[in-house]
Amino acid sequence: MVDTEQLIIEALQGNSEAFILLIQKDMEKMYKAGWAILGNDEDVADAIQETILSAFERLSQIRGKESNIFTAWLMRIMVNKCYDIQRSKKGLIFMEIVPDAPIVETEYENVEWKEALSNLEEKYRLILLLYYVEGFKTRDIGQILEIPEATVRTRLARGRKKLFVLYHEESKETTKRRLI
């Protein structure tokens, strides 16, 4: 098994297979971050595709060969692509609503996590996802989102509180329904 640093070196030397392996290592992280911002699989797939292309074109700009630096750099590109997609859709008016095909989630935890996060504002949802699900440190999240680390910590605390309140409101509703 080749380590990430070696893959980065090989990718920088023009090895496209090494680049593909690097991208595959972070694919799930890109999907989760994209979903936290965009909220639907089609837009996330577009953002991932644009991220991969952009990363390939800009690979020479990476400032280090460590795994965490590459992942943070890739996630920064992904977040920017997601925001680009959001901006491009703001002016769109949908004339016809086409129902999405139902998506069956195989992992119950992911469904519950997505449902809980979907009720939060994006600025909290993304930070909670990057911190708790992807394991990024607050410093790295600040770099990815281009915001101060103190802001990350504040949003993390507020997001936790909002999630706690939402969870307990849901629990109260469930209890009331059972009693009736």
Side-chain angles (χ1 to χ4, degrees), residues 1-86 88 103-118 120 122-149 151-153 155-156 159-160 163:
M1 182 75 173
V2 179
D3 72 346
T4 303
E5 290 180 23
Q6 184 61 36
L7 288 174
I8 293 170
I9 291 168
E10 290 178 21
L12 285 167
Q13 293 171 348
N15 184 337
S16 59
E17 289 180 28
F19 178 76
I20 290 169
L21 290 172
L22 283 170
I23 294 297
Q24 287 175 342
K25 284 184 168 191
D26 290 326
M27 188 65 75
E28 188 174 340
K29 290 178 183 177
M30 289 191 299
Y31 172 79
K32 289 177 181 176
W35 184 88
I37 296 170
L38 299 170
N40 76 61
D41 289 333
E42 293 82 15
D43 288 342
V44 172
D46 290 344
I48 289 173
Q49 185 176 10
E50 290 178 26
T51 298
I52 293 169
L53 179 61
S54 184
F56 185 75
E57 291 171 347
R58 297 188 211 168
L59 191 57
S60 63
Q61 296 175 0
I62 193 163
R63 293 186 183 112
K65 294 171 182 61
E66 296 83 19
S67 175
N68 61 334
I69 291 175
F70 178 81
T71 300
W73 174 77
L74 187 64
M75 295 300 291
R76 178 73 239 153
I77 294 171
M78 179 67 182
V79 167
N80 283 335
K81 295 300 177 184
C82 290
Y83 289 151
D84 289 347
I85 289 171
Q86 265 186 340
S88 70
I103 297 172
V104 178
E105 186 71 52
T106 56
E107 297 179 37
Y108 181 74
E109 299 85 25
N110 285 342
V111 172
E112 192 172 290
W113 183 244
K114 280 183 178 181
E115 187 177 317
L117 287 179
S118 68
L120 292 176
E122 176 193 316
K123 64 183 179 181
Y124 302 120
R125 183 173 57 231
L126 182 57
I127 288 176
L128 286 169
L129 180 119
L130 290 173
Y131 186 81
Y132 287 109
V133 178
E134 299 307 327
F136 284 102
K137 295 179 174 132
T138 55
R139 180 187 69 244
D140 295 333
I141 295 170
Q143 289 174 347
I144 290 168
L145 300 178
E146 296 178 341
I147 58 176
E149 185 178 353
T151 304
V152 172
R153 288 192 303 267
R155 289 182 183 176
L156 192 57
R160 277 188 220 125
L163 199 55

Inset, instruction - Using the ring of F136 (Phe, Tyr or Trp, six-membered ring only), decide whether K29 places NZ or CZ under 6.0 Å from its centre and within 45 degrees of its axis. - result: yes
Side-chain heavy-atom pair [X], [Y] within 4.5 angstrom cut-off:
X	Y	answer
R160	Y132	yes
M30	I23	yes
W73	L59	yes
D26	M75	no
I52	M27	yes
L21	E10	no

Output the distance between atom [atom1] ([X]) and atom [atom2] ([Y]), rounded to the nearest 0.5 Å.
X	Y	atom1	atom2	answer
Q143	I69	CD	CD1	8.5 Å
E134	L126	CD	CG	10.5 Å
N80	L145	CG	CG	9.5 Å
T138	L130	OG1	CG	11.5 Å
I127	L120	CD1	CG	11.5 Å

What are the two closest heavy atoms between [X] and [Y], and how far apart are they?
X	Y	result
T4	K25	OG1-NZ, 2.7 Å
M78	V44	CE-O, 4.2 Å
I85	D43	CD1-O, 3.6 Å
A11	A18	N-CB, 3.8 Å
L156	L128	CD1-CD2, 3.7 Å
R125	W35	CD-CZ3, 4.4 Å

Legend entry - side-chain hydrogen bond (donor to acceptor under 3.5 Å, both in side chains) pairs, two or more places apart, involving residues 45-55: S54-R58
Inset, instruction - Given side chain to side chain contact (heavy atoms under 4.5 Å, CB included), test K137 with N68 step by step and report yes or no. - result: CA-CA 10 Å; K137 295 179 174 132; N68 61 334; over 6 Å; no
Legend entry - F56, CZ: over 12 other non-hydrogen atoms inside 6.0 angstrom: no
Legend entry - More than 12 heavy atoms of other groups within 6.0 Å of Y131 OH: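 Incorrect, the count does not exceed 12.
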Inset, instruction - Output all residues satisfying salt bridge (Lys or Arg N to Asp or Glu O under 4.0 Å) with R153, sequence neighbours left out; order by chain, then residue number. - result: E149
